[in-house]
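I have placed the structure first, in the form of structure tokens, so that the comments after it can refer back to it.
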Amino acid sequence: MTNSALAPSRGFIFLSHATPQDNDFTIWLSARLASAGYAVWSDLTMLLGGECHWDSISEAIKLHSAKFVTICSKVSFTKTGWKDELSLALATERAKSLNDFVIPVRLDPIQWNDFPVEIIRRNGIDFNGAWHVGLARLLEKLNADAVPKSLTADATALSEWASDLLDINTGVLRESETLVSNILPATGGPKVVFVSALRSGAIASPTELMRWPVTRKRHIAYGFTPLSYKTDDAFVLESQIDFSQFISRGDSTRGINSTEAFNIATHHFRVLIDRALQAQGLIAAVFSGDRVAHFLPAPERTISPRTKYVDPWGETVSRALNGFSPKNNVFWHFSPEFIPQLGRTTSVILRSHVVFTEDGCTPLSDSARAHRLRRRFCKNWWQDRWRGMLLAFMSHLAQGKAAFEVPVSPTESLSLATVPELFVSPITANRDGYTPEDSDEELHVPDDVDLDDDEDDLS
């Protein structure tokens, strides 16, 4: 019998290896072969991608294997079990007239002439140094020899095997859970973009001094309000463009493509949100990449007042948004960054940061110290605390209203919902024995913390 006429019962690939030294490679190869559609058997995975079981390894090799892949390493050559499996496979190959039934693969940098004499003349496949290269050659060989692919070797079988092997489902309950995102739905906003042109010979005021955001592109100015609102007669209104068309198509008449237009609108939203936050008494902190976040000042070294909010489950709870650390002699401040998301719908993503000050108002200028404080102080802040601070922050901004209003023109506003978008997960974590941390006091953790790079370092 040749490989072109394999018995129907020979439907899987047997992997023989040294245990436990070559386990990692065997698991990796098992998963890759299963992903390619082959049923695989090893003592680590059992039958992956199939449902049959046998009384012994001997039966599996002699009656049910399409190929016997023997993983050759420095350790496997010393293993009695590996040698016994190889001998049985070679005997099966001869007895059943199976062409290239035994396929040796080289895992370690060992000489081919050091292989056992029984397989030294075979064309082995080299996995030493580059597993993906060896895998490609092995898949070519299996395809050329018409090794059958299991009808049950699908993604579900592979996923279930991986979950069991890696213990992925430990602590996971098959119960739905409402999850709170960091995405604030937004309504309203500008309806049009006004396009103005600089009058010949006129000198315009600096755009940063204007009441409403304006972006200059040579002699053209773009804004959400006509410049007449700014009492600047250096410009003359030329036209107006529908806002959604502007961010999706740009202004081809004046050479502004959609990317430039989108960036102009996003910049204006950032400026308007920043101004609205500062109008509420919040202080700006500039991070790397010119990102800006805002925080509440804490002028006194006393217990900070907690901000009440109603969580998505209808409970009224509270959370402090700043506090003082006697140990480090600094104030800490929850400081979210507002990131506009424009498109078919408008939303704002909140990215959480923590700022440290010595006077309750001025962010530390020493970025290295701020880095160490952040790594140490927030090390054990879990998701429920970050979520609570985010909800409390929005509750503070809204002052009892359903939304926080951001003026975008003299007559229009962008309304940011105080409750982020909610999602329902079909699974939840097993929280037996877990008690949410509800203290706003300083966390005393070891000083020998990892000071890896932190993307939140203050600039």
Side-chain angles (χ1 to χ4, degrees), residues 176-196 207 212-217 220-226 229 237-277 287 289-294 311-312 336-353 383 386-387 390-391 393-395 397-398 401-426:
S176 62
E177 179 182 8
T178 300
L179 303 178
V180 181
S181 74
N182 62 338
I183 304 171
L184 297 179
T187 57
K191 296 181 177 61
V192 299
V193 174
F194 294 92
V195 185
S196 302
T207 55
W212 302 97
V214 173
T215 296
R216 289 276 304 274
K217 293 290 184 179
I220 297 296
Y222 296 91
F224 297 156
T225 63
Y229 279 114
L237 180 64
E238 280 197 344
S239 64
Q240 59 188 47
I241 306 173
D242 178 80
F243 177 79
S244 60
Q245 291 187 4
F246 180 72
I247 63 174
S248 62
R249 302 178 186 177
D251 183 7
S252 58
T253 303
R254 299 167 184 83
I256 302 297
N257 60 35
S258 59
T259 300
E260 290 179 291
F262 185 88
N263 290 339
I264 289 172
T266 300
H267 171 71
H268 286 193
F269 271 79
R270 285 181 179 271
V271 172
L272 290 164
I273 292 173
D274 290 349
R275 290 179 179 178
L277 293 173
F287 290 78
D290 292 328
R291 294 172 298 146
V292 179
H294 292 81
D311 68 18
E337 174 187 359
F338 287 62
I339 305 173
Q341 302 292 303
L342 309 181
R344 292 183 178 178
T345 60
T346 300
S347 61
V348 173
I349 292 178
L350 292 186
R351 184 176 184 180
S352 299
H353 304 275
Q383 289 291 350
W386 291 106
R387 180 184 64 215
L390 185 152
L391 294 172
F393 190 92
M394 291 308 302
S395 177
L397 287 181
K401 299 179 181 178
F404 174 58
E405 302 294 331
V406 177
V408 297
S409 76
T411 58
E412 299 168 311
S413 294
L414 180 72
S415 297
L416 302 183
T418 57
V419 178
E421 289 187 8
L422 305 179
F423 298 92
V424 178
S425 169

#### Entry: Name of the residue among Ile349, Leu184, Leu350 meeting side chain to side chain contact (heavy atoms under 4.5 Å, CB included) with Pro420
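Running side chain to side chain contact (heavy atoms under 4.5 Å, CB included) over Ile349, Leu184, Leu350 with Pro420 returns exactly one hit, Leu184.
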[X] and [Y]: which non-hydrogen atoms are nearest, and at how many Å?
| X | Y | answer |
| --- | --- | --- |
| Ala293 | His353 | CB-CD2, 4.0 Å |
| Gly255 | Glu260 | O-OE1, 3.6 Å |
| Ile256 | Ala261 | CG2-N, 3.8 Å |

Using a 4.5 Å cut-off on heavy atoms from C-beta on, say whether the side chain of [Y] contacts that of [X].
| X | Y | answer |
| --- | --- | --- |
| Arg275 | Pro407 | no |
| Leu277 | Leu397 | yes |
| Thr225 | Pro190 | no |
| Thr346 | Leu414 | yes |
| His294 | Ile273 | no |
| Leu272 | Trp212 | yes |
| Arg291 | Arg270 | no |
| Val348 | Ile339 | no |

Test your reading of the model: is there a side-chain donor-acceptor pair from [X] to the backbone of [Y], 3.5 Å cut-off?
| X | Y | result |
| --- | --- | --- |
| Asn182 | Arg351 | no |
| Ser409 | Thr411 | yes |
| Ser415 | Gly188 | no |

### Parallel, tilted or perpendicular: rings of Phe224 and His268 (30°, 60°)
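Judged by the thresholds at 30° and 60°, the geometry between His268 and Phe224 is perpendicular.
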### salt bridge (Lys or Arg N to Asp or Glu O under 4.0 Å) pairs, two or more places apart, involving residues 239-251
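For residues 239-251: Asp251-Arg254.
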What distance do [X] atom [atom1] and [Y] atom [atom2] have between them, rounded to the nearest 0.5 Å?
| X | Y | atom1 | atom2 | answer |
| --- | --- | --- | --- | --- |
| Gln240 | Ser196 | CD | OG | 10.5 Å |
| Ser352 | Gln383 | OG | CD | 9.0 Å |
| Ile241 | Thr253 | CD1 | OG1 | 7.0 Å |
| Asn263 | Ile247 | CG | CD1 | 11.5 Å |
| Leu342 | Ser248 | CG | OG | 11.5 Å |
| Phe404 | Phe393 | CZ | CZ | 8.5 Å |

### Task
Check step by step if side-chain contact (heavy atoms from CB on, under 4.5 Å) holds for Phe287 and Glu337.
CA-CA 10 Å; Phe287 290 78; Glu337 174 187 359; over 6 Å; no
#### Entry: Residue list, salt bridge (Lys or Arg N to Asp or Glu O under 4.0 Å) with Glu412, at least two apart or on another chain
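Counting only residues at least two positions away or on another chain, Glu412 forms a salt bridge (Lys or Arg N to Asp or Glu O under 4.0 Å) with Lys191.
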### Query
Quick one: which of Phe243, Phe246, Phe194 gives a ring-ring contact (aromatic ring centres under 6.0 Å, His included) with Tyr222?
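Filter result, single survivor: Phe246.
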